[in-house]
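All residue numbers in this chain count up from 1 along the given sequence.
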Amino acid sequence: MKRTATLFLFLILFTATSFSQNRSLQIGGRLMNELTLYDGLAPGFGAQLVYRITKHGGIETGLYYQSRKVNYFIEAQNGGTSVTYTAQVAERRLQLPLLYRFDSKLLNFVVGTSLDYFLGWKEKSDNGDIKIISYDRDALSVAVSAGISKSIYLTPTLILEPEAKFNLIVTDDDGGLGLNLGLRKIIF
């Protein structure tokens, strides 16, 4: 029993020591601009954290704010005539992604999921004929993401990273292609 426990402890210490030589923590910010599947551009910004566990693999997360415009077509009957109105709502969302990250010298890849929290809405329609008085959304949406990026070292500890990422919000049947720009500092 003691021999098994000693062997187990040795394996844990050996693994931790070998992985610790490759670990790094990077903190920074990201500007986002997503071309959504249905309703145009959805800009955003936020804080990003990258934690490299092995030489090439790690975790990427962050906290992002995004404004997403949604268009609605409302059909109304006026006497015997059918009239179609367009209404636009700006949704505000807070995103919390958890992504697996693979880094290489040439390109980086991420894949994972994101939780999108609905913060609120505001009507953006210029149509005086219609007014939205109620807007109901699920408080939480789930998205899957996959992306590709390139790390450009401005200094040995400062990284500029353009990224293209596809997001699919599975709970809302929406998504888009994000063109993002990150700037991170290597802490250790």
Side-chain angles (χ1 to χ4, degrees), residues 19-71 88-121 124 137-188:
F19 281 156
S20 68
Q21 295 172 6
N22 295 315
R23 290 186 180 181
S24 74
L25 177 66
Q26 304 167 15
I27 297 175
R30 172 174 282 175
L31 295 175
M32 306 179 315
N33 200 8
E34 186 173 2
L35 180 60
T36 65
L37 293 177
Y38 304 110
D39 298 309
L41 297 177
F45 63 91
Q48 179 185 33
L49 181 116
V50 174
Y51 184 62
R52 188 179 295 168
I53 299 169
T54 66
K55 182 178 180 182
H56 295 288
I59 296 169
E60 180 179 315
T61 189
L63 192 59
Y64 307 117
Y65 172 84
Q66 185 181 46
S67 177
R68 191 178 196 96
K69 291 185 180 174
V70 180
N71 294 311
Q88 188 176 66
V89 171
E91 297 180 349
R92 296 184 312 276
R93 297 178 182 217
L94 194 61
Q95 300 172 338
L96 179 65
L98 183 59
L99 309 166
Y100 171 75
R101 181 181 175 97
F102 180 83
D103 290 323
S104 71
K105 288 184 180 181
L106 185 59
L107 294 172
N108 309 317
F109 302 93
V110 293
V111 65
T113 187
S114 175
L115 298 177
D116 291 7
Y117 297 97
F118 178 69
L119 298 174
W121 65 279
K124 292 290 188 174
R137 290 292 277 171
D138 291 333
L140 180 66
S141 299
V142 178
V144 292
S145 300
I148 186 169
S149 64
K150 172 70 177 160
S151 293
I152 302 166
Y153 285 81
L154 302 175
T155 69
T157 60
L158 195 60
I159 303 168
L160 181 68
E161 189 172 69
E163 176 187 55
K165 185 186 290 181
F166 180 73
N167 302 304
L168 179 63
I169 305 171
V170 293
T171 53
D172 295 344
D173 293 327
D174 197 1
L177 177 64
L179 300 174
N180 309 322
L181 186 62
L183 183 64
R184 294 189 311 275
K185 174 140 177 75
I186 299 174
I187 305 300
F188 63 84

| task | Go through the steps for Ser114 and Gln95 under the test side chain to side chain donor-acceptor pair (under 3.5 Å), then give the verdict. | result | CA-CA 7 Å; Ser114 175; Gln95 300 172 338; 5.3 Å; no
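Atom CG in Asp116 sits 5.5 Å away from atom CD1 in Ile169 (nearest 0.5 Å). Atom CD1 of Ile186 is separated from atom CD1 of Ile27 by 11.5 Å, given to the nearest 0.5 angstrom. For the atom pair CG of Leu154 and CZ of Arg184, the computed distance is 11.0 Å after rounding to the nearest 0.5 Å. Note that the CG atom of Leu179 and the NZ atom of Lys165 stand 11.5 Å from one another [nearest 0.5 Å]. The OG1 atom of Thr155 sits 11.0 Å away from atom CG of Leu160, with the distance rounded to the nearest 0.5 Å. The CG atom of Asn180 sits 9.5 Å away from the CD atom of Glu161 when rounded to the nearest 0.5 Å.
Using modelled atom types, one side-chain atom of His56 and one backbone atom of Asp103 make a donor-acceptor pair closer than 3.5 Å.
Identified under the ring-ring contact (aromatic ring centres under 6.0 Å, His included) test for residues 146-188, with sequence neighbours left out: none.
Lys69 and Asp39 are not joined by a salt bridge, as no carboxylate oxygen comes within less than 4.0 angstrom of a charged side-chain nitrogen. With respect to the salt-bridge test (charged N to carboxylate O, under 4.0 angstrom), the residues Arg30 and Glu60 qualify. Taking a cutoff of 4.0 Å between a charged side-chain nitrogen and a carboxylate oxygen, Glu163 and Lys150 do not qualify as a salt bridge.
Taking the six-membered ring for Trp and the full ring otherwise, the centers of Tyr65 and Phe45 sit less than 6.0 Å from each other.
Shown here for Leu168 and Asp174, the closest heavy-atom pair between the two residues is CD1-O, 3.4 Å. What you find for Gly62 and Pro97 is that their closest heavy atoms are O-CD, 3.4 Å. Taking every heavy atom of both residues into account, Ser67 and Ala90 meet most closely at OG-CB, 4.3 Å. Of all non-hydrogen atoms in Ser141 and Arg93, the two that sit nearest each other are OG-NH1, 4.3 Å. Among all heavy-atom pairs drawn from Ser145 and Asn167, the shortest one is OG-OD1, 2.6 Å.
In this structure, Ile59 and Ile53 have side chains that are in contact, with non-hydrogen atoms separated by less than 4.5 Å.
A donor-acceptor pair shorter than 3.5 Å can be found between the side chains of Asn108 and Ser151.
Taking Glu34 as the reference, Arg68 meet the salt bridge (charged side-chain N to carboxylate O under 4.0 Å, His left out) condition, with sequence neighbours excluded.
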